[in-house]
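Since the structure comes first, as structure tokens, the remarks are kept for the end.
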Amino acid sequence: MKYSSLKISTEKAKSILLELYNIQGNASPLPGEVDFNFKIKRENEDGYVLKISRPDEDENYLDLHQRILQFIEAGNSDLIAPKVITDKKGNAISTFTDDSGNKRMVRLLTWISGRTCNSVNPKLDDLRFSLGAQCGRVTAVLQGFDHQEVHRESDWDIAQGLWTKTRTNLFDDEKREFIEYFQNQFESRLEGYNSIRKSVIHNDANDYNVIVSSHLVHPKVTALIDYGDSIRTQIINDVAITCAYAIMNHNDPLDAALPIVKGYHSTFPLTEEELSHLYNAIAMRLVISVTKSTLNKIKEPDNEYLLISEKPAWELLKKWRLISADFACYSFRQACGYSPHPDHDKFRKWSTANNFEVSKLFPTVQRNNIHHIDMSVSSKWIGHEKEFNDLDAFQFKIDRLQCEHPNTVIAGGYLEPRSVYTSSEYDKTGNSGRESRTIHLGIDFWLPAHTPVHALFDGEVVTAVNDAGDKEYGGLVILKHTVGDLVFFTLYGHNTVKSALQHKVGDIIKKGDKIAELGNYPENGNWAPHLHFQVMLSMLNYKIDFPGVAFYNQIEVWKSICPNPNLLFKSEALEPIKSITNEDLIHYRKQHLGKSLSLQYKVPLNMVRGAGQYLIDQYGQKYLDTVNNVAHVGHEHFNVVKAGQEQMALLNTNSRYLHENINALAKELLKTLPPQLDVLHFVNSGSEANELAIRMVKTCTGQRDIIASEVGYHGNSNMCIDISSYKFDGMGGKGAPEHTHIFPLPDAFRGKYRGENTGAQYASEVQKQIEIIRKKGRGVGAFIIEPIICCGGQIELPEGFLTKSYEYIRAVGGLCISDEVHTGCGRMGKTFWGFQLHNVVPDIVTIGKPLGNGHPLAAVACTKAVVEKFDNGMEYFSTFGGNPVSCAIGKEVLRIVKRENLQDNALSVGEFLKTELKTLAKTYPIIGDVRGQGLFLGIELTDTELNPLKEQTDYLANRMKDHGILMSIDGPDLNVLKIKPPLVFSMDNARELIFYLEKILAEDFMTANL
Ligand SMILES: Cc1ncc(COP(=O)(O)O)c(C=O)c1O
């Protein structure tokens, strides 16, 4: 029968409703695989769902559906589920005859308000937890329910899923291989599976059957609907089905499944045995799903609903295959509070009861004392990434450490978060962006090449290979040990290839036998010589290799699979160092640091290392930094660090002595400035630079009145605050002081004058302030402004504004200051300084943040005319300003900008970003404006009436952080996202930024009510 001829029109649905139930309402069609469903709306009521069956529908089956709902209602639990509405005659199932003369059965259920899960974006862990919890609750309520139909045969029942074996001929070779693999896995554990708990379960928690609360942020599952697939089967199948649907379209499906399992377990506790079947059950459900879709496609090629989940089901099956079934099981166990590896305690007990010595591992060394080495991400001993990767230098440091601690073995590293694994092999894209493998699972013993490694206990060789490649194991041996009913493995990495390959799989190694010899680089995987020693309770799916480092979010599972090797040696010095927690840091800060200091992000971050455009937290997680224009040439640029370290080792003193560094920095800086600006003073901060600039103004002009922009910020000193509307017009401020004159923010998007050609209008506002000053009988001291107003929300000055304003100011004898604290040193892309975008030459330029790349260094550049007048006999002295260390650093920063073409990079990456952002704005009108120059951009979020969207901006920045991308917010209405990364920000970084911006712009909170 053709699907189209069975269809029921909405008009027909309405008349059926009136006729059978005496209810009037508006009908709209809903999706459904079997029934024809309509939403019935009535004023001031949640409404109903009308379900009309196909002509050949089995009444028993519908009876099950109705009785299950009546059972739930009678149970008086707080579970929300549809209620059965009987027809005029009191029947739970009603009937009518359709136009083709077929008897059709009809049911009416109450409508559950909320939205179905398919419309929720994003679906995060807390939603998946509540999904699991809701499904568990349903199973709990259904305990004791029975009906003859729940014992029916069903293609969708995982327990009956092996029917798919007869249909593998439908698939091509590649697909068939996948299907058969999982069928065989399922079949191989059938006996145990058949004996686990059964009950009636919902059996179909797909997105369309899951009702979610209306919250836009962190919504929760409130109910399940459509109990039509309920069946009596293994309870774990319900978890499996829920997972199979909810983890589709995720980069890391296992990670997505864990909150569901945890949620289920919280309301309906699952047993260890049940969890051991979950991986296979999920796979089997997917096998059923793709087989059914293929069959249904043949039957009803015009029914699109059947195709909905086919493609993602295949993708998931392929990803599922790559996940070790054991690892999945241990992860499920961990989610449910069981010891992830079932033998962990057994190993702990055995190893605690026995003593093993390091000297037996290395009998030629004969030392048991350990000197703990800190190789963690925050280790100062490790130093710069480049130093670690210089293996000769690293070995030299190890040798020196060994000399300082002669009778010890240098060792450590279990569960240490490390940032030394920089190859992309160690990274993956998880469900929220980039994740790095950083957690070290073994202990490293740093001993010379060719040190022999001996067996602590009897074992059998399971791996003896050359694991070649950079930062791999080199010569690798893995032994299997059996002690009573305990089986475990030990891994020996970074040996000579020859010594590893002398073994064959199956060889027996006796306690005390030599296993291998430590290798040297590069054959040992390109490391300074050391042994990586690891204990494993399972080999998972690994044959020739086994991870030595794990992802931080899986640490609990990995530390159970790979117990602490120090359980064998019991050395205090081998224990992982307990690092200070973020809570401790926050607590202390709150007690003893100024209350007006702020912390970024709702959940603050603890950054311990910088590298180029990345910041790395204490767990080794890398964040892409789009905020930090201070780290101008990249966080901890090696040459900048070196320049500072080298000079620090020689001399650091004040500028009253001659020193070539101060001259060298001055020369480097003057090369970038117009010839008129040829005199420099060096200071320590942007505030100090502006403070000095204003002091110059007062001395040179004899005037104190300063004209500045609304929402401008120029520093934290008294004088700077006095000219910063951002501060005195903001929280805690008391408005403009007598000698400060503020003109409106020259914002052509949402300011006083809008659109193109507003330069003259805004300049006339500057002129108005000049007149106000003159009317008071005073003169103008200076006009200060940034070329792009950062705190104002990356406001680009309108064309012609600066030329005109400078003209007005100079006409009355005032000086013009360009605050280049943000915009200088090549960031603008087109020009080296911001004022050059406007073809003006200021009298004074203040330079800050980028000049020292994080080191406190700033400068004031001015004309000869200014400096002549400033030199009135009063000395200018700054204790630290222009010291040799700062100057060495500043000089290097300017050279790097040139050497690495960073100004060009700012231009090309900045232009690319601007174009992409403008394209995004077409799809997401919440982006009201995209502006800025080079790598100094702003994205302003507004509604269609140009009202600022502060909450959405905050949401976006916090969600970007969840995806490992740091962004900052500014503007008077806090609705502008700023992009001002280190200038090493690459095209790939820009693409990543756009990708995640787009992803989050599509989320419910961003799109609602627009
Ligand atoms: C435009 C501008 N000028 C001056 C300063 C003050 O610089 P510092 O914090 O180095 O004193 C800042 C600081 O953010 C600034 O944004």
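These numbers come from the heavy atoms of this one structure, side chains and all, not from hydrogens, waters or symmetry mates.
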Original post:
Taking C-beta and beyond as the side chain, do Tyr924 and Leu941 meet within less than 4.5 Å on heavy atoms?
Top reply: no

Subject >> Close side-chain approach of Thr164 to Ile288, heavy-atom, < 4.5 Å >> reply: yes

Original post:
Side chains of Asp157 and Thr233: do they bring a donor and an acceptor to under 3.5 Å?
Top reply: yes

Subject >> Residues Ser276 and Arg333: side-chain donor-acceptor under 3.5 angstrom >> reply: no

**OP:** Answer with yes or no whether the side chains of Asp204 and Tyr245 bring together a donor and an acceptor at under 3.5 Å.
**Re:** yes

**OP:** Find out whether Phe36 and Arg54 are in side-chain contact, i.e. whether some heavy atom of one side chain is under 4.5 Å from a heavy atom of the other.
**Re:** yes

Original post:
Judged by atom type as modelled, is there a donor-acceptor pair below 3.5 Å linking the side chain of Thr267 to the main-chain atoms of Ala133?
Top reply: yes

**OP:** Indicate whether the side chain of Tyr227 and that of Asn203 have a donor and an acceptor atom separated by less than 3.5 Å.
**Re:** no

Original post:
Is the side chain of Ser100 donor-acceptor paired with the backbone N or O of Asn102 at a distance under 3.5 Å, no angle test?
Top reply: no

Subject >> Near-ring test Phe186/Tyr193, centroid separation under 6.0 angstrom >> reply: yes

Subject >> Close side-chain approach of Leu258 and Phe129, heavy atoms under 4.5 Å >> reply: no

Original post:
Is it true that a side-chain atom of Thr139 and a backbone atom of Cys135 form a donor plus acceptor pair closer than 3.5 Å?
Top reply: yes

**OP:** For salt bridge (Lys or Arg N to Asp or Glu O under 4.0 Å), just list the numbers for Arg104 and Asp35, CA-CA rounded to whole Å, side-chain angles, deciding distance to a tenth of an Å, and then say yes or no.
**Re:** CA-CA 10 Å; Arg104 309 284 287 265; Asp35 297 331; over 6 Å; no

Subject >> Face-on cation placement of Arg321 at Tyr181 ring, 6.0 Å and 45° thresholds >> reply: yes

Original post:
Is the shortest side-chain N to carboxylate O distance from Asp172 to Lys175 below 4.0 Å?
Top reply: no

Original post:
Taking Asp929 for the side chain and Glu940 for the main chain, is one N or O donor matched with an acceptor at less than 3.5 Å?
Top reply: no

**OP:** Go through Glu310 and Lys297 one step at a time and tell me if the salt bridge (Lys or Arg N to Asp or Glu O under 4.0 Å) criterion holds.
**Re:** CA-CA 10 Å; Glu310 193 193 7; Lys297 259 192 302 186; 3.1 Å; yes

Original post:
Is the backbone of Ser432 close enough, under 3.5 Å, to the side chain of His963 for a donor and an acceptor to pair up by distance?
Top reply: no

Subject >> Flag for His277-Asn237: side-chain donor and acceptor within less than 3.5 Å >> reply: no

Original post:
Should we count CG of Asp99 as having more than 12 external heavy atoms under 6.0 Å?
Top reply: no

**OP:** State, yes or no, whether a side-chain contact exists between Met284 and Gln183 at a heavy-atom distance under 4.5 Å.
**Re:** yes

Subject >> Distance-only donor-acceptor check, side chains Lys319 and His250, under 3.5 Å >> reply: no

Original post:
Any side-chain heavy atom of Val261 sitting closer than 4.5 Å to one from Cys336?
Top reply: yes

**OP:** Among Arg67, Glu73, His65, find the one that has a side chain to side chain contact (heavy atoms under 4.5 Å, CB included) with Leu69.
**Re:** His65

**OP:** Taking only Lys NZ, Arg NE, NH1 and NH2, and the carboxylate oxygens of Asp or Glu, determine whether Lys165 and Glu187 approach each other closer than 4.0 Å.
**Re:** yes

Original post:
Do you know which two heavy atoms are closest between Lys950 and Asp973, and how far apart they sit?
Top reply: CB-O, 3.6 Å

Original post:
Judged by modelled atom types alone, do His202 and Asp238 share a side-chain donor-acceptor pair under 3.5 Å?
Top reply: no

Subject >> Within-4.5 Å side-chain heavy-atom neighbours: Thr271 and Ile196 >> reply: no

Original post:
Can you find a side-chain donor-acceptor pair between Gln134 and Arg137 that sits under 3.5 Å?
Top reply: yes

Original post:
Between the side chains of Gln160 and Asp155, is a donor N or O closer than 3.5 angstrom to an acceptor N or O?
Top reply: no

**OP:** Would you confirm whether Tyr279, through its side chain, and Ile323, through its main-chain N or O, come within 3.5 Å as a donor-acceptor pair?
**Re:** yes

Original post:
Are any of the side-chain heavy atoms of Ile52 and Phe96 separated by less than 4.5 Å?
Top reply: yes

Original post:
Is there a donor-acceptor contact under 3.5 Å from the side chain of Arg42 to the main chain of Gln24?
Top reply: yes

